[in-house]
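Sequential numbering from 1 along the given sequence is applied to the chain's residues.
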Amino acid sequence: MFISEIQKNEWLGLEDKEEEKIHLQAGKLDLRFSSGRLLDLSFNGQKVISEIYFALRDHNWGTIPYRIENLVVDEDKDSFTINFTAVHDSNDIRFEWNGKIVGNADSCITYSFDGEALSDFMRNRIGFCVLHPASCAGMECEVVHSGGESEKGIFPVRISPHQPFMDIRSIAHYPQKGVKVLVEFEGDVFEIEDQRNWTDASYKTYCTPLALPFPVQVKKGERFHQMVKVYLETESCVVGSEMPENRNEISLLNGQIHNTKNFSLGSCITKPLTELQKQRIKAIGLSHLRYDYHFKDSPVYINEILDQVRELGVKLLLAVFFTDCWEKELDTLRAIIDENRQDIIGIIIFKEGENVIDEEILAKVRRKLSDSGVPVGSGTDAFFTQLNRNRLPQNSMDFVCYSNNPQVHAFDNDSIMSTVEGQAANLSSCAELYPRLPIWVTPVTLKMRWNPDATGDVIVRKGQVPPDVDIRQMSLFNASWFLRSLAELIRGGAAGASFFELVGSKGIMEEEAPGRDYRFPAVPDMLYPVYYAFLALRDWKEFDTSFKITEDATVFVMKSSSETRMILANNRAQTVNLRLTDAPSTARGVLIDENTAPKLAQERLILNFNDYFESYNLNGEIQLKPYSIFIAVI
């Protein structure tokens, strides 16, 4: 592949043809429609329902995509009707359903489907899902069960490990005084889970109850029908309000200072680096590198990794995966620690095949290593969910950890960006569970590495992108999401985070000689835009750092006695205007966007951005193209 073959949409991290979003009105409800999904149902500028969508999940909880056919949209000023056919045809699963959505002027929306299986297949779920926004935390709600019984409660503030409400026929909540949002369900039994467990910014009402056996055999010709109704009820005293005009107004010099000096920013090393790769990683000034040591694989790289860690001037976060022979393996681990303790920032203890290690094994391991002088922690190599449901004793660890990825339930760019709200909820809930322990989020990846809830093997066909790879890894979108995620993790009080791998299709740069049977838009040794986001943060421990997260952007401001550095990231697929209330009229900086990223990607080694700086006239405002990043000194 040549770099000229990488398409503009690939640099941006967008589909070749983006789904059209149609703005609609149903009485007082404002919403959008896109490819079978109802998005951002809002009243008075406040989101009351995040999304209503149809989901077909296979035996491994994989989401089977569909294509829309015969779409007809009839809309009026305050009402609409939508009809379409959705066709699923993937991995021997064939299913078709007719969708109908009616929005009325009385602020009622009805979404129904009639579907038929066109093949035999195994499924975990077929039907509607309704997402209540994470902002519902602490709000009162009322659930009516299938037998007509009523239950009052609140949406959980701390992440609920299990379903807070079950057997749901309807649920009502009260987002504003004098405002009631009622959702009714037909066609199956529904329940709610707290999706913040997986960093989604929502509570999800779904079918079928997880207490029932799954997967379930679906026979060709089997038919399904469901309906969801949403009602908005307002008292006469409730009046409309205008959206604020200053949602992207930024003060560069008066932000709250956050403690980055003790935060450990790192990545994951999977094998020894080449000379060029070492130079590049040294240039970005990471604090640590995580290395996964699997005893079952008879690891051979550990000594080379330790040598390179010392050469790079970083610390090693060693994640150890014991087997059933853990007592013998513990002696090997102790020898590694004794020979390299000054180079190791921490040891994470896991056990192969287990979401959370047995607490007795963890206690024995920690006692064995207690005099090593190296912190010993654990938690889960999976989602916060697993730790939330299987809690280890606080006194068995020096620190606690879990991983994050933004693509468990939703995969579009806006949903991924919204998961930073769920990351913050992970941190606050974990801090309540372990109030005296440092919290490490490690690793943070763009795609799910492995599925702890899978019920069978995943088959990857030749030429198919593996399930743990996302081609947006090399995009501006990923760089923008990284900055937004990092800001939220620091603000939430994390002790450290390991983002991505260093090299390859899950890394921050391409391999020297990649060998794949699938298309990944990169050339050998190419630097991805996320590398430059890391480089912009170089030496940040020498600065007082503040940041702001707005609806559309993430801003870092790093101040020292000699320099003020700012990083502005557009987190949207549209051009965004940022108002800079106290910025100078001019600044020297570099803009990384769809036009400059291809040139920067080909650079062999960049130690700083000084040679790329140009003068920009700000005059209190800057316009950023989709997912672009502006790095400047003011």
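- For Glu191 and Tyr206, the side-chain atoms include at least one donor-acceptor pair closer than 3.5 Å.
- Between the side chains of Ser485 and Gln423, at least one donor N or O sits under 3.5 Å from an acceptor N or O.
- In this pair, Tyr66 and Trp97 present their aromatic rings perpendicular. The plane angle is above 60°, beyond the 30 to 60° band.
- Side-chain contact, Thr208 with Asp188: a donor N or O sits under 3.5 Å from an acceptor N or O.
- Annotation for Ala553 and Asn248: closest pair N-OD1, 4.3 Å, computed over non-hydrogen atoms.
- The closest donor-acceptor contact from the side chain of Thr581 to the backbone of Ile250 lies under 3.5 Å.
- Looking only at atom types and distance, the side chain of Asp412 has a donor-acceptor partner in the side chain of Ser415 under 3.5 Å away.
- Ring pair Trp198/His409 is perpendicular by interplanar angle, where above 60° counts as perpendicular and below 30° as parallel.
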Set out, in order, the CA-CA distance, both residues' side-chain angles and the distance that settles ring pair (Phe, Tyr, Trp, His ring centres under 6.0 Å) for Phe482 and Phe534, then state yes or no. CA-CA 9 Å; Phe482 157 69; Phe534 273 96; 4.4 Å; yes
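- Side-chain contact between Tyr616 and Leu591 is present, with at least one heavy-atom pair separated by less than 4.5 Å.
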Salt bridge (Lys or Arg N to Asp or Glu O under 4.0 Å) between Asp78 and Lys28: does it pass, once the steps are laid out? CA-CA 8 Å; Asp78 57 0; Lys28 298 175 182 177; over 6 Å; no
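- The aromatic rings of Phe95 and Phe54 lie parallel to each other, with less than 30° between the two planes, well short of the 60° mark.
- Side chains of Thr596 and Tyr612: no donor on one and acceptor on the other come within 3.5 Å.
- Between Tyr203 and Phe155, the angle of the ring planes lies from 30° to 60°, which puts this pair in the tilted group.
- Trp61 and Phe214 have perpendicular rings, their planes meeting at more than 60° on a 0 to 90° scale where under 30° would count as parallel.
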